[in-house]
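To start, the structure under review is shown below, and the notes come after it.
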Amino acid sequence: MGRLLILIAIVIAVVWLVRRALAGGRKGDVAHKPPVDGELVSCARCGVHLPRAEARLQGERLYCSEEHARLGPGGG
Ligand SMILES: [Zn+2]
């Protein structure tokens with residue numbers, strides 16, 4: 001009976017080591033994501049953040065609304 005327990009313990013240890021080695025080899029894959037349309041941009045007028053798909057493009061700048069696009073970039 002003692003031998004069987006040792007054998008089971010060895011099998012569990014080997015499985016654990018293999019799973020750990022496989023998991024360790026995949027580090028860093030999550031960090032690389034391509035840019036998506038849901039990317040956040042900031043309004044050139046008021047600085048609020050919004051999805052790029054909802055932003056208004058005026059010239060080379062992005063704005064949160066038609067009004068801010070009309071007003072243009074401003075410090076105040
Ligand atoms: Zn704005």
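Atoms within a ligand are numbered from 1 in the order they appear, just like the ligands themselves. A quick note: this is a predicted structure, and the numbers were derived from the prediction, not measured.
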Query - Pairing residues for Leu7 by the side chain to side chain contact (heavy atoms under 4.5 Å, CB included) criterion, not counting sequence neighbours - result: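 By the side chain to side chain contact (heavy atoms under 4.5 Å, CB included) rule, Leu7 matches no residue at all.
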Give, for atom [atom1] of [X] and atom [atom2] of [Y], the distance between the pair rounded to the nearest 0.5 Å.
| X | Y | atom1 | atom2 | value |
| --- | --- | --- | --- | --- |
| His49 | Glu39 | NE2 | CD | 10.5 Å |
| Ser65 | Leu71 | OG | CG | 8.0 Å |
| Arg70 | Arg56 | CZ | CZ | 11.5 Å |
| His68 | Leu62 | NE2 | CG | 14.0 Å |

Requested in this report: State, with a plain yes or no, whether a side-chain heavy atom of Cys46 is found less than 4.5 Å away from one of Tyr63.
Outcome: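 The answer is no, as the side chains (C-beta and beyond) never meet within the 4.5 Å cut-off.
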Query raised in the report: Closer than 2.8 Å to the Zn ion (ligand 1), which protein N, O or S atoms?
Result: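 You should have found Cys43 SG, Cys46 SG, Cys64 SG, His68 ND1.
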